[in-house]
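First the proteins, then the strands, lettered A, B, ... as listed; each starts at 1.
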Amino acid sequence: MNKEYEIRVAKLEKLKALGINPYAYSFPSDSESLVATILGRTGRTCKQPIPIKTVLGNFREDFSDHPVTIAGRIIAMRSHGKVCFLDLKDQTDKIQLYIKKDKICDREYQIYELLDIGDIIGVEGTLFKTKTGETTILVSSLILLSKALLPLPEKWHGLQDVNLRYRQRYLDLIANSEVRRTFTLRSCIIRHIREYMQEQGFMEVETPMMQPIPGGATAQPFITHHNTLEMDLYLRIAPELYLKRLLVGGFERVYEINRNFRNEGISTQHNPEFTMLEAYRAYADYNDMMSLTENVIVYTASKILPSLKTTYEKDEIDLTPPWQRKKYLELFQEYCKTGWENEKEVIAKAKTEQIPTEKRTYEDIASDLFERLVEPHLTGPIFITDYPRSLCPLAKTHRDNPELAERFELYISRMEIANAFSELNDPLEQKERFLAQLKNKAEGMVSLDEDYINALMHAMPPAGGLGIGIDRVVMILTNNPSIRDVILFPTLRNI
RNA sequence: GGGGGCGUAGCUCAGUAGGUAGAGCAACUGGUUUUUAAUCAGUUGGUCGGGCGUUCGAGUCGCCCCGCCCUCACCA
C-alpha cells in the first residue's frame with residue numbers, strides 16, 4: 001500500500017503502546033449531541049434552510065459555560081503549535097473544535113498529536129464564539145473513537161472522479177455534501193410518499209421478489225436458482241400480479257415500494273434494479289389513479305421543494321395542479337402529422353425516422369414513432385391517456401372505444417414517471433391477451449401465469465392500478481441528471 | 001454493438017512540435033496559543049489504466065485490451 005497508510009499504521013501502534021484503544025466501544029450520544037442541535041439548525045434537509053436561531057441565543061450571557069458532548073469525523077485540522085482548530089462533521093452538520101494544550105490533560109494531548117484528518121473522535125467541551133463569530137467548542141476532553149488508516153479525498157474539490165464516486169460511495173458521501181443531501185432527500189421523499197399513501201388508507205405490503213413466473217411487465221428477467229427446490233426463479237420485473245391477487249383476497253387498498261429487476265440496458269434513466277411504487281385501489285378506475293398520482297407527487301414535492309415551480313436540468317417544471325391531460329392519439333396526430341390508424345403513412349414515417357419496420361408488429365412500430373416524435377415535447381407534467389388497446393395487455397378496454405385501453409402515463413421532463421390503468425379483471429379476456437403475448441416472443445413472456453387467471457376467476461373487484469418510478473421522481477425533485485446519482489450503489493461492472 | 005470523450009501522485013488537475021514527470025491539497029520534519037481552503041521553511045511521494053508496436057528516445061504517435069462518462073441503436 002502507500003506510504004501514508006504505513007505512517008498511519010505506525011500511529012496506530014503508538015496509540016496501542018500508550019494503552020489507548022484506537023477503536024473504542026461507544027460514546028454517549030443523543031439528540032442533544034448533534035451538531036445541528038448545537039448550532040440550532042435542525043430540520044434543514046427536508047425543508048429549505050430555516051433561519052439560524054442558535055442555541056447560543058438562549059444563554060448568550062454565560063454561554064461559555066454551556067457544556068456539550070459531540071462525536072464525529074475530523075474533516076480539517078489547522079494547528080498552530082500548542083493550539084489547533086478542527087472541523088468536526090457528524091450526520092447533521094459540522095462544527096469547529098478548539099483544542100488548547102493547557103485545557104486538556106497530557107494523555108489526551110498525546111492522542112491529539114496522533115490524530116489525522118478522517119479520524120472519528122468524541123469530545124466534551126464548552127461553547128464559545130471566536131472573534132469572527134463562529135460557534136466553536138473549547139475541548140476539555142477528547143477520546144479517539146476510530147482511527148482512519150487511509151486519507152480522505154481533497155477537501156476543496158471533493159471527490160470528482162465519477163467512477164470512484166459510484167464505486168466508493170462512502171467517500172462520495174463524506175466529501176460531497178450535495179450528494180449526502182440528495183440521499184437524505186431521497187429518504188424524505190419516500191417517507192412522505194408512505195405518509196400520503198397511509199393517509200389515503202393504503203396498506204403497505206410485501207410480495208415476492210423471487211417469482212416462478214415473472215409477470216406484470218414486458219422485460220427480460222434475471223434468473224436465479226433455488227437449490228433445495230431444484231427450480232429456477234426469476235427476480236421480479238414487477239409486483240403487479242401479486243398485488244392484484246391481494247385485491248382478490250379482499251385487501252382493497254394496497255401498495256408496495258420496493259425494487260424491480262430488469263435485465264435490460266443501462267442508461268441515465270435505467271438501472272437494472274430500480275425502485276417502484278405500485279398501488280392498487282379497489283372500485284377505482286384510471287381517472288381516480290390520475291388524481292392519486294397527482295396528489296401523491298404534489299404532496300411530496302410540497303414537503304421537499306420551496307415551490308411547486310421548479311427546474312430540472314434546463315426545463316421549467318410547474319407541478320401546480322391540475323396537470324395537463326392529453327389523449328395519446330391526439331398527441332400522435334399532433335406531432336406525427338398522421339392518424340395512428342393510418343398504417344401506410346405511419347410505416348412510411350417510421351421509415352423516414354430510421355425506425356426498423358421488419359418483423360415487428362404495427363403497434364411496436366407506431367409506438368416507436370410516438371417515442372421518437374412526441375416524447376421530446378413532453379416537458380410536462382402531462383398525463384397521456386387512452387393508449388391503443390394492443391399496447392396494454394393488463395388494462396381494461398376503454399368504456400367508450402373498444403380500440404383503446406383505459407391507461408395513462410405521466411411524463412415529466414421527457415421521462416416516463418408513472419404508468420397506470422383501469423385494471424383488467426375479466427379472467428377470460430386476460431387469458432386471451434396473455435396467450436397472444438406468449439405468441440409474440442419479442443415480448444419475452446416466460447409462461448402463462450395460470451394461478452393469476454385462477455385468482456381472477458374468483459372475481460377481482462374493479463380497480464385502478466398505478467406504478468411510479470421512484471428513482472426518477474427523486475431525480476426530478478433533487479435535480480440530478482442521472483439515475484446513478486439517486487441510487488446509493490448503482491449497478492456497475494465488477495472490476 | 002456504432003460514434004465521441006476520458007484514465008497522469010492518496011485526492012483535484014497541468015503536461016506545450018515526441019526529449020530526464022509538474023502544481024495545489026493531503027502526508028512527513030521544524031516554527032507558530034484565535035485559525036476559517038491558516039501560514040512560513042524544508043522533505044517524501046508516480047510501472048503516466050494494461051499490453052504490443054513505431055522511434056536513438058513515447059505520458060505524448062499507432063494497434064489491441066480493461067474501465068468510466070456522453071450519445072445512438074437494442075430494450076418499455
Side-chain angles (χ1 to χ4, degrees), chain A residues 1-8 10-11 74-87 94-104 109 115-118 128-138 148-168 171-172 174-176 216-221 237-238 260 262-270 272 274 276 353-356 360 363-364 367-368 370-372 375 387 391-394 407 409 411 415-419 442-444 467 469 472 481-482 484-485 490-495:
Chain A
M1 279 289 244
N2 63 60
K3 196 173 165 187
E4 175 144 10
Y5 171 77
E6 306 293 346
I7 290 166
R8 290 198 180 198
K11 289 183 183 176
I74 300 170
I75 57 167
M77 293 175 84
R78 296 176 291 278
S79 77
H80 303 255
K82 298 179 179 65
V83 149
C84 185
F85 293 92
L86 300 86
D87 291 336
K94 70 174 182 185
I95 192 167
Q96 179 167 262
L97 306 183
Y98 181 41
I99 290 179
K100 217 174 172 185
K101 187 173 185 190
D102 56 16
K103 294 288 182 187
I104 57 176
Y109 196 74
L115 288 181
D116 286 297
I117 292 173
F128 74 102
K129 279 200 179 184
T130 64
K131 65 182 179 189
T132 54
E134 176 158 357
T135 304
T136 300
I137 298 174
L138 174 61
L149 299 181
L150 291 172
L152 247 32
E154 201 234 10
K155 63 182 170 185
W156 189 242
H157 299 91
L159 187 66
Q160 297 298 325
D161 185 302
V162 282
N163 201 5
L164 285 186
R165 285 189 43 228
Y166 296 146
R167 288 187 191 277
Q168 293 176 247
L171 291 181
D172 194 23
I174 294 170
N176 299 321
T218 55
Q220 293 300 316
I237 55 175
N260 287 348
R262 297 187 183 176
N263 203 339
E264 306 279 359
I266 295 179
S267 78
T268 50
Q269 291 175 36
H270 299 84
F274 62 101
M276 182 90 120
E353 291 295 328
Q354 319 268 327
I355 291 166
R360 306 188 63 204
E363 289 77 9
D364 287 340
S367 170
D368 278 1
F370 184 91
E371 275 181 32
R372 182 72 59 84
E375 283 190 8
Y387 283 64
L391 296 174
C392 323
L394 293 160
R407 170 188 186 185
E409 288 193 352
Y411 276 79
M415 273 195 291
E416 181 192 329
I417 301 294
N419 181 19
E443 297 194 34
R472 291 178 181 176
S482 169
R484 292 184 204 93
D485 296 327
T491 307
L492 299 172
R493 199 182 299 272
N494 196 14
I495 53 170

| query | Between B:U32 and B:G19, how far is it from one C1' atom to the other, in whole Å? | reply |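 About 44 Å, rounded to a whole number of Å.
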| Start at the 5' end of RNA chain B and walk down; is the nucleotide closest to A:D161 or to A:R8 reached first? | A:D161
Among [options], which nucleotide has an atom closest to any side-chain atom of [X]?
X      : options             : answer
A:N163 : B:G24, B:C68, B:U36 : B:C68
A:T218 : B:A76, B:U36, B:U71 : B:A76
A:P151 : B:U34, B:C28, B:G10 : B:G10
A:K11  : B:C28, B:U34, B:C69 : B:C28

At under 4.0 Å between heavy atoms, what does [X] touch on the DNA or RNA strands: base, sugar-phosphate, or nothing?
X      : value
A:K155 : sugar-phosphate
A:L164 : sugar-phosphate
A:E371 : base
A:R407 : base

| query | Without hydrogens or angle criteria, can the side chains of A:Y109 and A:D102 be said to hold a donor-acceptor pair below 3.5 Å? | reply |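 No pair is found: no donor N or O on one side chain lies under 3.5 Å from an acceptor on the other.
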| query | More than 12 heavy atoms of other residues, nucleotides or ligands under 6.0 Å from NZ of A:K11: is that the case? | reply |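 Yes, enclosed.
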| said: Between B:U36 and A:T130, counting only base atoms on the nucleotide and side-chain atoms on the residue, is there a donor-acceptor pair under 3.5 Å? | reply: yes
| task | Taking only the side-chain nitrogens and oxygens of A:K82, find out if one of them lies under 4.0 Å from OP1 or OP2 of B:G31. | result |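 For A:K82, the contact criterion (side-chain N or O under 4.0 Å from OP1 or OP2 of B:G31) is not met.
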